[in-house]
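Okay, structure first, notes after.
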Number of protein chains: 2
Amino acid sequence: MATDDLMTRALEALGDDGPLSVEAIRRLADLADLPETMTIAEVADLLDISPHTLRYYERAGLIEVARDGIGHRVYDAGAVRRLVFLTRMRLSGMPMRDLRHYISLVDAGGHTVPERLDVLVEHRDTIRRRIRELTLSLTAVEYKIATYGGATGPDVQALGTTTGTGHTALPDEPPRRALPAE
Amino acid sequence: MATDDLMTRALEALGDDGPLSVEAIRRLADLADLPETMTIAEVADLLDISPHTLRYYERAGLIEVARDGIGHRVYDAGAVRRLVFLTRMRLSGMPMRDLRHYISLVDAGGHTVPERLDVLVEHRDTIRRRIRELTLSLTAVEYKIATYGGATGPDVQALGTTTGTGHTALPDEPPRRALPAE
DNA sequence: CTATGCCTTCGAGCGCGCTCGAACGCAAAA
DNA sequence: TTTTGCGTTCGAGCGCGCTCGAAGGCATAG
């Protein structure tokens with residue numbers, strides 16, 4: 001029940017399709033059947049990041065990974081889950097610094113849960129803000145595309161004056177009166 | 001007509017309010033009445049970037065700015081409009097490199113309009129992709145918050161097992177069976 | 001006449017998040 | 001036995017986008 005519901009919401013959130021959403025959905029689903037342990041190459045492949053980066057995260061103190069008899073890293077399901085989390089947070093723009101803080105809270109024990117929630121809520125708000133910013137930018141870019149040749153320069157005369165009437169609303173270079181300075 | 005329409009769309013795009021949207025709207029509106037010329041401090045204030053950054057953009061070849069008799073920068077309306085554009089594009093994540101390319105197209109003349117549109121369309125798609133990514137991340141974070149103490153660690157027992165039933169859907173650390181390795 | 005304040009140029013430095021190369025080890029394949 | 005291939009550690013380097021400091025110029029205020 002919770003699963004279907006969540007997947008549905010995630011899919012809705014994705015909106016129109018694309019290669020990235022497919023990949024993302026796969027990642028959502030894949031977590032259900034994780035192998036017992038994984039090698040660094042497998043994890044790197046799963047998360048679509050380089051082994052270098054995985055080692056870097058370990059060096060950065062974000063995660064501890066066990067070694068086998070030969071010294072190679074062995075990622076158990078817990079480590080992989082944490083890395084999935086870390087990767088998602090990085091992808092959504094949380095800086096390493098904050099991630100280190102969060103992880104330190106996790107490792108400090110259950111009494112830090114409220115503080116962890118604070119971190120998450122703040123990050124949630126950051127994401128929302130970013131989405132709003134991007135949506136605004138998107139609108140501007142779409143408008144610029146729609147009204148044709150964005151005239152950031154002395155090329156308006158080459159376009160004719162098809163966009164000539166009253167759109168001082170969006171700041172991206174409305175048509176100039178005659179030839180502008182630059 | 002176009003003005004109202006666009007502002008409406010921009011506002012809708014902003015969705016729920018916040019300090020950032022107010023600021024953004026101000027910027028949208030302000031372009032209507034730009035002073036004839038501005039100093040670097042005024043432009044910096046308008047765009048909410050530092051004079052240092054403005055000089056940097058100039059050094060980077062994104063814009064040329066005239067000087068007055070004394071050697072100080074004089075930003076005319078055209079320069080300011082270009083900087084508004086540049087700032088928005090930066091804010092929406094377009095790298096300097098691409099911006100330089102775009103600007104070089106603009107300066108090359110009207111025959112580059114199709115190529116410019118290519119750049120804009122590609123950037124539009126990048127923004128859309130990014131919004132989808134962020135929306136997915138947002139869903140995940142909201143889920144994590146909703147199901148309480150994100151359990152990236154051995155603290156689940158401290159929380160009770162309220163989140164114990166079947167949500168393998170979202171990968172961020174579902175409750176473990178007993179004490180996990182890490 | 002100084003002091004303040006904002007401007008100039010130039011080049012160096014920084015924080016972030018990787019990214020890479022060097023030098024090496026073990027193990028299965030040829 | 002040598003080669004291939006994947007792993008290890010360590011430290012340096014890089015690309016990006018600023019950000020800052022130094023050294024100085026001009027103008028207005030006190």
Side-chain angles (χ1 to χ4, degrees), chain A residues 35 37-76 79-80 82-103 123 126 130 133 137, chain B residues 35 37-76 79-80 82-103 123 126 130 133 137:
Chain A
T37 65
M38 300 179 76
T39 69
I40 193 169
E42 289 164 349
V43 176
D45 197 61
L46 175 71
L47 300 179
D48 201 33
I49 59 182
S50 76
H52 276 303
T53 301
L54 282 170
R55 296 191 196 100
Y56 167 69
Y57 285 174
E58 194 176 344
R59 266 192 295 173
L62 292 183
I63 192 171
E64 286 180 18
V65 182
R67 306 297 145 107
D68 64 9
I70 220 178
H72 289 191
R73 286 172 177 78
V74 178
Y75 294 85
D76 61 17
V80 173
R82 176 175 282 198
L83 281 169
V84 169
F85 169 72
L86 291 172
T87 303
R88 186 193 305 289
M89 295 306 256
R90 288 289 309 118
L91 231 152
S92 64
M94 180 176 279
M96 300 285 290
R97 168 176 13 105
D98 296 5
L99 236 20
R100 262 193 294 267
H101 177 219
Y102 185 87
I103 289 299
H123 184 56
T126 300
R130 187 71 188 127
E133 283 177 19
S137 296
Chain B
T37 67
M38 299 179 74
T39 68
I40 194 171
E42 289 164 348
V43 176
D45 197 63
L46 175 72
L47 299 180
D48 201 33
I49 59 182
S50 75
H52 276 303
T53 302
L54 281 170
R55 294 190 198 100
Y56 168 70
Y57 285 172
E58 194 176 344
R59 265 193 294 174
L62 293 183
I63 192 170
E64 286 180 19
V65 182
R67 305 298 145 107
D68 63 9
I70 221 179
H72 289 192
R73 285 169 176 80
V74 178
Y75 294 87
D76 61 19
V80 173
R82 176 175 283 197
L83 281 170
V84 168
F85 169 71
L86 291 172
T87 304
R88 183 193 308 288
M89 295 306 258
R90 287 291 307 117
L91 231 152
S92 65
M94 179 176 280
M96 299 285 291
R97 167 176 16 103
D98 295 5
L99 238 18
R100 261 193 294 268
H101 177 219
Y102 185 88
I103 288 299
H123 184 57
T126 301
R130 187 71 188 127
E133 284 177 19
S137 297

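Below, chains carry the letters A, B, ... as their sequence lines are ordered, and counting in each starts from 1. Hydrogens, waters and symmetry mates play no part in the numbers below; they use all other heavy atoms, side chains included.
Between R90(B) atom CZ and dG17(D) atom C1' there is a gap of 6 Å when expressed in whole angstrom units. As rounded to whole Å, 21 Å separates atom P of dG7(D) from atom OH of Y56(A). For the pair L54(B) CG and dC20(D) P, the computed distance is 14 Å after rounding to whole Å. Per the geometry, CE belonging to M96(B) stands 12 Å off P belonging to dT19(D), to the nearest Å. Here dA27(C) presents its C1' atom at 12 Å from CG of D68(A), a figure rounded to the nearest Å. As rounded to whole Å, 18 Å separates atom P of dC16(C) from atom CE of M89(A). A straight line from CZ of R97(B) to C1' of dG17(D) spans 12 Å, rounded to a whole angstrom. Taking atom CD1 on I49(B) and atom C1' on dC18(D), their separation rounds to 11 Å, with Å as the unit.
Candidate nucleotides dG17(C), dG17(D), dT19(C) were compared by shortest atom distance to the side chain of T53(A), and dT19(C) ranks first.
Note that the NE2 atom of H52(A) and the CG atom of L54(A) stand 11.0 Å from one another [nearest 0.5 Å]. Rounded to the nearest 0.5 angstrom, L83(B) CG and T53(B) OG1 are separated by 11.0 Å.
Looking at R82(A), its side chain never comes within 3.5 Å of a backbone N or O of E64(A) through a donor-acceptor pair.
Side-chain N/O atoms of Y57(A) include one lying less than 4.0 angstrom from OP1 or OP2 on dC18(C).
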Take nucleotides 2-13 of chain C nucleotide by nucleotide from the 5' end and write B, S or -, depending on whether a protein heavy atom sits under 4.0 Å from the base, only from the sugar-phosphate, or from neither.
-> -----SBB-B--
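Residue pairs meeting the salt bridge (Lys or Arg N to Asp or Glu O under 4.0 Å) criterion with at least one partner in residues 89-101 of chain B, sequence neighbours excluded, are absent.
Across every non-hydrogen atom of H123(A) and G93(A), the tightest pair is CE1-C, 4.1 Å.
One finds no salt bridge joining R55(A) and E58(A) here, because no Lys/Arg side-chain nitrogen approaches an Asp/Glu carboxylate oxygen to under 4.0 Å.
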